[in-house]
Structure formats: C-alpha cells, structure tokens
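Side-chain atoms are counted along with the backbone in the values below, which use heavy atoms only and exclude waters and symmetry mates.
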Amino acid sequence: MSIHEHYMARALLLAERGLFTTDPNPRVGCVIVNNAEIVGEGWHQRAGEGHAEVNALSAAAEMAKGADAYVTLEPCSHFGRTPPCADALIKSGVKRVFVAMKDPNPLVAGNGINRLKNAGIDVTVGILEQQAKDLNPGFCKRMQSGRPYIRSKMAMSLDGRTAMASGESKWITSADARQDVQKMRARSSAILTGMGTVLADDPALTVRPEGEWYPEKQAIRQPLRVVVGSQNIPQTARLFGSDGEVVLATASKCSIDTKETILSLVEQNGHIDLSALMTELAKREINEVMVEAGSRLNGALLEAGLIDEMIIYMAPKIMGDSAKGLFHLPALKMMAQHIELTITDIRAVGKDWRITAIPEYMKAK
C-alpha cells in the first residue's frame, strides 16, 4: 500500500462512520496531512451539517496551510445546504488534494476538481476509487441512472424455504442474524414490502439497534416504509407505531382518509409498474432500498431486473418441500431460463450463514 492509499484508507474509515446517518447525502471522509502527520480529520455526519472537508479543516486550523487533503468524494462546487467545500479547501491554503472518486452526478462531476486546479492546487483522482464507490452504492446509482440501489434481504432454511405452507415463518434465523438485519435497515433510505407481508406478519420495519454499532448521541433515523398493494394499509398496523413516513404504492384507487401517503402509479400487466416506483423513490432522494418481502414481490423485482444485490440468511434447518420458496417465478420452466448469480461474500452470522449475491443481469448494465 502506498502512502497515499494509506491516508485515503483512513479517510474511508472516517466516511464509514456516517453509514447510518448521512442519508440522502453520500458518506464522505477527509484527512489533512502536513509533514507526514495527520493534523485534521473529519467526516460528514448528517445532512444539513458540515461536510467532511469543512470538519477536517476546522480540526487542522492553521496547519492546513501547505498541507495535503485526502477526500473520498470530489469536493462539492455548488451551494446546497452548506457552502462549496472546494472553496473551503482553496481558502485554507492546502497545497495538494487527493480524491478517491469524482462526483457521480454527471451535471456536476469534475466541477469541484476544476475549481481546485484553477486555484493552483495540484489534484490527483482515483486513489482507492472502487472502495469509495462501494461505500455509496445507492448515491452513485441514483445520480447515474435515476434509480436507487435495491438490496433484497431474505431468510431461508438449508433447503431454500422461507415459510411453512401455513405462512408461519418466525423465526427461521437466529437472533444474531436478525440483529445483523437491523444494521442493513439502518443504512437504508427505505424499506420495501408487499401488502401480503403486512397482512400476514404485521411488521414494524423499524431500526431497533442493540449493542454499540449505532453511533452514540445520534437520533435514530427511521427509513421510509413503502408498501406495494391494492388496498389501504390497516390503520392498526405496527408500521404506524413509530416515527417515519409510510407510503402506499398502488395502481388502484384507495381512500385518502388514511395514515399513509398514497403514491399512485401506472399499472403494468395487471400489477404496479415497479420500474416507475423506483424512479419515483429516486425523486424523493432515496439512495438504498432494502426489500423485506415475500416470494411474489421478490420474484417480480427479479423478473424486472431491478434487484442489485441479494442478502440471503441461510439457517441450518430443514422445512420440507411443502414450505414456500424464495421467489415466485412461474415463467421459469426450463434450465436454460435460469437466473445466474455471482456470490460475492459468504460469512457466518451466529449459527446462520449470510450469502451476498449479485444477479448476472447487473453485469450487463
């Protein structure tokens, strides 16, 4: 690892501290180095508050003059909730700026870098670029494609079953796996489920952290809860028992005298247009969507080519061939129609196994 990668790796670790709190902004870290010594560190903690560069420059104070700055995302060049970070770096007197990745927004990409260069600052781009992209998959995808990153979480037995024929499914996985799911909820902008899951399980779909993984002194940011269905959500549903907005995505006419927000979408083949739903969620600045649904909605998302990543918790249990499977995919009738997956990670979580996989169709996009 080069010295520049060393400092950028530190900046990425700082950026990761905002994993659960920066939404809808990206997670960004910054390190200021003067004479081979770190003199300032910062990360973006919450939307509307100081960006990573500003926080690091504040910590460095006068030591920023003539220093090197390592930042995981191109410094912004426009006025948003806060002033441009590129201007703050220029004013501080830093000599060089090392950037992991350009801003993925094609309308602004390169503007911050050019502003720094025009001010006489030496700029290097691309150090640990992929690691920086991996930290913000939803922000990158929303900026580049106008859709959020969709991560489908599923729990299954060793023989690939998600619920008994009666619908009973509590609990397939262990308490360790369920707490691991809380971390994924906490990093998500929205949780997506179907009306069938709401009626059968009455889930709250909230972040309920246990242990020390959630940042101290930070109010829990509850994700948007989105339900796909053709009828109003029961007003006694646990979805309404906590902070955070609940949205009903429907192609049907529902009563407006309800607790949820109604998102009316077009119908496609007798069902809601899921692609249109994702576009609407992106307009709401939703970066990462976590799907916690049954086989029908998961099957429809997979058939539509919308799932970016699957997180499958596999429990050491056998549930039998009458139990329900992961995906409802009646169109698949021959081996040649199979959907290929690339497994990117397998690890133990308690007594269960967590499998991370990416559908092959994502590689063609």
Checklist entry - Quick one: side-chain hydrogen bond (donor to acceptor under 3.5 Å, both in side chains) pairs with a partner in residues 56-67, sequence neighbours left out? => result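 Qualifying pairs, neighbours excluded: none.
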Side-chain contact test, heavy atoms from C-beta onward, threshold under 4.5 Å: evaluate it for [X] versus [Y] and give yes or no.
X: Met8; Y: Phe98; answer: yes
X: Pro137; Y: Asp308; answer: no
X: Thr124; Y: Arg96; answer: no
X: Ile90; Y: Ile121; answer: yes
X: His4; Y: Leu128; answer: no
X: Ile113; Y: Val125; answer: yes
X: Lys153; Y: Val181; answer: yes
X: Ser188; Y: Val207; answer: no

Checklist entry - Around Arg296, counting heavy atoms of other residues, nucleotides and ligands shown, do more than 12 lie under 6.0 Å from its CZ? => result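 Result for CZ/Arg296: open.
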Checklist entry - Is it the case that more than 12 heavy atoms not belonging to Lys91 sit under 6.0 Å from its NZ atom? => result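 12 or below, so no.
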Please tell me whether [X] and [Y] have a donor and an acceptor in their side chains that are separated by less than 3.5 angstrom.
X: Ser145; Y: Arg147; value: no
X: Asn287; Y: Ser189; value: no
X: Ser174; Y: Asp176; value: no
X: Asp352; Y: Thr173; value: no

Item to check | Worked check of side-chain contact (heavy atoms from CB on, under 4.5 Å) between Leu265 and Glu280 | outcome: CA-CA 9 Å; Leu265 295 163; Glu280 287 297 321; 3.6 Å; yes
Item to check | Joint hydrophobic cluster, Val99 plus Val54, side-chain heavy atoms closer than 4.5 Å | outcome: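 In one cluster: no.
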Next on the checklist: Could you walk me through whether Thr356 and Glu309 satisfy the side-chain contact (heavy atoms from CB on, under 4.5 Å) test, starting with their C-alpha distance in whole Å, then the side-chain angles of each, then the deciding distance to 0.1 Å, before giving a yes or no?
Outcome noted: CA-CA 7 Å; Thr356 303; Glu309 181 181 75; 3.7 Å; yes
Next on the checklist: For Arg284 and Val247: C-alpha separation, side-chain torsions, deciding distance, then whether side-chain contact (heavy atoms from CB on, under 4.5 Å) applies.
Outcome noted: CA-CA 12 Å; Arg284 288 172 166 250; Val247 170; 4.0 Å; yes
Hey, does the side chain of [X] reach the backbone of [Y] with a donor-acceptor pair shorter than 3.5 angstrom?
X: Thr21; Y: Gln45; answer: yes
X: Arg27; Y: Leu135; answer: yes
X: Asp159; Y: Met319; answer: yes
X: Gln235; Y: Lys259; answer: yes

Item to check | Contact summary for Leu73 and Pro104, nearest pair of heavy atoms | outcome: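 Closest approach of Leu73 to Pro104, heavy atoms only: CD1-CD, 3.9 Å.
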Item to check | Under the ring-ring contact (aromatic ring centres under 6.0 Å, His included) test, residues paired with Phe20 that sit two or more places apart | outcome: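 Testing Phe20 for ring-ring contact (aromatic ring centres under 6.0 Å, His included), a comparison that skips the adjacent residues, returns Trp213, Tyr214.
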Checklist entry - Between Ser92 and Glu53, is a side-chain contact (heavy atoms from CB on, under 4.5 Å) present by the stated rule, with each step listed? => result CA-CA 10 Å; Ser92 74; Glu53 300 94 318; over 6 Å; no
Checklist entry - What pairs of residues pass the salt bridge (Lys or Arg N to Asp or Glu O under 4.0 Å) test when at least one of them lies in residues 178-194, not counting sequence neighbours? => result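 Listed once each, the pairs are Asp180-Arg354, Arg185-Glu292, Arg187-Glu288.
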Item to check | Interatomic spacing from CD1 in Ile38 to OH in Tyr7 - rounded to 0.5 Å | outcome: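 That separation rounds to 6.0 Å.
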Checklist entry - Between CD1 of Ile307 and CD1 of Ile358, what distance do you get to the nearest 0.5 Å? => result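 That separation rounds to 12.5 Å.
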